[in-house]
Amino acid sequence: MKDKPEKNKEKLYYSILTIVAILSIILVATVFIMQSQKKDDNMEIAYTELIKKVTAGEVEKIEMTIGSTTVKVKLKGMEEGEEKTAIVPNTQAFIELIQEETLKGNEIILNQKPASVFLKIFDALFSLLPTIMIVILFILIFKMQGLGDKGKIYGGEENVNTGVTFKDVAGLDEEKAELMEVVDFLKTPEKFQKMGAKIPRGILLYGKPGTGKTLIAKAIAGEAGVPFISMSGSEFIEMFAGLGASRVRKLFEKAKKISPCIVFIDEIDAIGSRRTSSSGGESENNQTLNQLLVEMDGFESTETVIVLAATNRPEMLDKALLRPGRFDRQITIAAPDLNGREAILKTHSKGKRFSGDINLKEIAGETAGFTGAELANILNESAIIATIRGHNEIQKVDLEDAVKKVTVGLEKHNRVISEKDKKLTAYHEAGHAIVSKFLPTQQDVKEVSIIPRGIAGGYTMYKTNEDKYYISKTEMKEKLVALLGGRAAEKIALDDISTGASNDIEVATEIAKDMVTTYGMSDIIGPISLKPKEPYEQSMFGENMDTLIGSEVKELIDNAYKIAQQIILAHMDILHAVAERLLQKEIISAEEFDEFFV
Ligand code: ADP
Ligand code: ZN
């Protein structure tokens with residue numbers, strides 16, 4: 001309803017733009033053709049030649065247009081209508097010359113015509129055309145920018161809502177309970193105002209992408225039956241100075257007009273990151289952030305607008321955003337736990353047909369750490385895979401392959417792999433699997449494969465067990481060993497090492513660094529947090545501490561690599577056997593793998 005006139009306006013601007021463009025092309029083309037035609041039958045005489053011909057009495061008639069330096073010349077003996085042109089630099093002097101000649105008895109007819117109005121306008125228009133075009137283009141571009149400012153609006157004045165309610169948000173029970181208060185406020189603001197209660201204006205939702213932040217914001221609007229306007233922080237970042245700020249202003253203008261409503265700002269870190277004093281894009285960013293602060297402070301108590309913002313990088317946000325009256329309430333939306341995952345899977349399995357052997361609880365158990373979006377994606381992929389395979393319902397294999405597709409990437413059957421690379425991958429993956437088998441804290445192997453998936457040449461998949469809130473130092477150290485098991489096997493079995501271990505090494509280094517700088521797990525350094533709070537923050541402990549961190553990280557990694565090599569060396573027979581089997585079958589299941597150890 002609100003959208004309509006704006007859509008039409010936009011169409012109108014597009015049509016005007018097109019018409020202007022076509023007209024100017026036609027205009028330029030006509031002038032061009034006319035000029036080139038002129039040139040075609042151009043029989044121009046040079047000015048000096050013309051003077052000679054005038055004085056020699058060869059000229060019969062001269063036609064001049066006032067204000068123009070081009071004259072038409074009819075020579076004696078020429079047919080009617082046939083004429084030459086000449087450029088006369090000084091028309092006054094030329095007229096005097098002809099008058100003199102006429103006095104001498106040299107009969108020349110001199111015709112002086114006023115310039116045609118049409119030609120004059122045409123001339124002026126033509127010389128101004130580029131300027132006019134540019135001005136029109138600029139106006140149109142700016143108008144269009146203005147049109148883009150409206151934000152997406154779901155619903156409208158009639159309380160038509162997003163269609164999403166809390167029922168569609170699976171799990172997140174405590175968060176929903178907390179946000180129910182906001183729903184009440186949107187429904188009956190008077191009740192709260194009478195009591196003198198202050199309801200938060202701004203609520204910040206922290207959480208990884210795909211955890212359902214947008215969904216829950218829409219559900220609040222749906223529950224309260226109010227419109228939902230949303231915009232993403234990255235949309236505010238503009239090339240032209242001031243546009244980001246004006247977008248923020250317009251967004252809130254609109255919100256106030258249709259209040260009560262929900263404003264949702266996704267990726268608020270894109271505008272709300274700490275203000276800096278530098279120039280260019282940064283200062284543009286500051287203007288946008290300042291405008292947002294102004295808007296948050298500028299609500300009247302009668303305006304029922306709740307602003308929800310989402311980010312997964314809370315540490316990046318400018319502290320000013322979090323002050324009272326602004327985003328003073330923060331809610332963390334964590335990745336779902338076991339029950340949450342089961343609930344999400346249930347919600348998204350509606351309308352899908354599953355075979356009897358599928359147990360969503362089991363899938364939930366195998367997907368620790370997955371977000372709601374990933375779980376929804378898995379179910380959708382399983383339906384696609386089942387369709388392609390011609391199954392009439394989603395089978396267990398379809399679902400399992402969907403999990404793999406979403407986690408490790410698509411199988412790349414077509415990639416041509418040399419025997420040498422295959423052997424290397426086989427030993428690498430066998431190394432991971434065997435080393436993990438001897439580490440008490442590490443998960444059991446679920447599948448080992450040398451079929452390339454995504455960017456990986458092969459993979460070792462582990463069973464997941466229930467979500468844990470804490471990870472012990474022993475577990476982290478053993479994780480390092482498992483990660484380096486691939487490299488250790490390559491080195492020992494093939495006496496060479498490859499780039500295939502680069503990701504393992506990266507992950508291992510990151511874990512070791514966290515152990516030392518975040519979790520205080522280094523005996524030498526002790527429980528001190530050494531992680532920079534901001535990017536590029538100067539270390540406050542000086543160079544010596546940096547050296548110490550480096551040597552502690554190196555020690556952790558060196559130790560882990562040594563242990564991995566020891567385990568491999570003690571079980572060379574199993575390593576060869578597993579690698580052989582992988583080369584034969586490409587893929588080994590958990591049961592098959594365990595048989596190597598009996
Ligand atoms: P975010 O805004 O946190 O990045 P979204 O709200 O856009 O995540 O979630 C993406 C999709 O994932 C949703 O549209 C929904 O299909 C699914 N999803 C995420 N969390 C849940 C949940 N708790 N219940 C049901 N579906 C969910
Ligand atoms: Zn590896």
Side-chain angles (χ1 to χ4, degrees), residues 162-176 179 204-222 228 230 232-234 264-269 308-313 331-337 339-351 364 367 370-380 406 408 424-436 445 448-450 452-453 455-462 479-491 497-508 564:
T162 55
V164 180
T165 65
F166 279 163
K167 267 203 232 95
D168 300 299
V169 185
L172 297 173
D173 294 329
E174 285 147 43
E175 290 80 357
K176 282 193 274 188
L179 290 165
L204 209 48
L205 303 174
Y206 291 155
K208 280 204 287 188
T211 44
K213 299 181 293 296
T214 313
L215 189 70
I216 210 165
K218 279 186 188 167
I220 295 171
F228 174 84
S230 81
S232 170
S234 51
F264 180 67
I265 304 176
D266 205 358
E267 301 174 56
I268 195 175
D269 42 282
L308 285 128
T311 179
N312 62 331
R313 299 191 296 174
I331 298 179
T332 304
I333 310 285
D337 61 6
N339 290 331
R341 291 197 299 276
E342 195 187 342
I344 293 170
L345 287 168
K346 227 176 238 159
T347 308
H348 286 274
S349 62
K350 271 176 208 135
T367 44
F370 281 45
T371 63
E374 283 166 330
L375 293 169
N377 193 10
I378 284 173
L379 288 182
N380 188 48
V406 171
V408 231
L424 194 107
T425 310
Y427 274 97
H428 180 101
E429 298 305 335
H432 280 307
I434 292 165
V435 167
S436 320
V445 169
V448 193
S449 161
I450 58 166
R453 264 183 189 275
I455 51 161
Y459 57 90
T460 302
M461 236 178 9
Y462 298 94
K479 175 92 197 165
L480 297 181
V481 180
L483 280 165
L484 296 172
R487 164 60 61 95
E490 285 179 43
K491 171 85 187 110
I497 50 178
S498 77
T499 55
S502 68
N503 184 253
D504 299 334
I505 291 169
E506 196 181 320
V507 175

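Counting convention: from 1, in listed order, for ligands and their atoms alike.
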- Query: Do any N/O/S atoms of Glu429 come under 2.8 Å of the Zn ion (ligand 2)?
  - Reply: no

- Task: Hey, could you give me the CD1/CG distance between Ile216 and Asp168, rounded to the nearest 0.5 Å?
- Result: 11.5 Å

Donor-acceptor pair, distance only, cut-off 3.5 Å: does the side chain of [X] make one with the backbone of [Y]?
X	Y	result
Glu429	Gly486	no
Lys176	Val169	yes
Lys213	Lys208	yes
Arg341	Thr367	yes

- Query: Between Thr311 and Tyr206, does any side-chain donor sit less than 3.5 Å from a side-chain acceptor?
  - Reply: no

- Task: Show the protein residues that qualify under the rule heavy atom under 4.0 Å from an atom of ligand 1, listing them in chain and number order.
- Result: Asp168, Val169, Ala170, Leu172, Lys208, Pro209, Gly210, Thr211, Gly212, Lys213, Thr214, Leu215, Ile344, His348, Gly372, Ala373

- Query: How far apart are the C-alpha atoms of Asp504 and His432, what are their side-chain angles, what is the distance that settles it, and do they pass the side chain to side chain donor-acceptor pair (under 3.5 Å) test?
  - Reply: CA-CA 10 Å; Asp504 299 334; His432 280 307; 3.0 Å; yes

- Task: State the atom name: nearest N, O or S atom of Asp504 to the Zn ion (ligand 2).
- Result: OD2

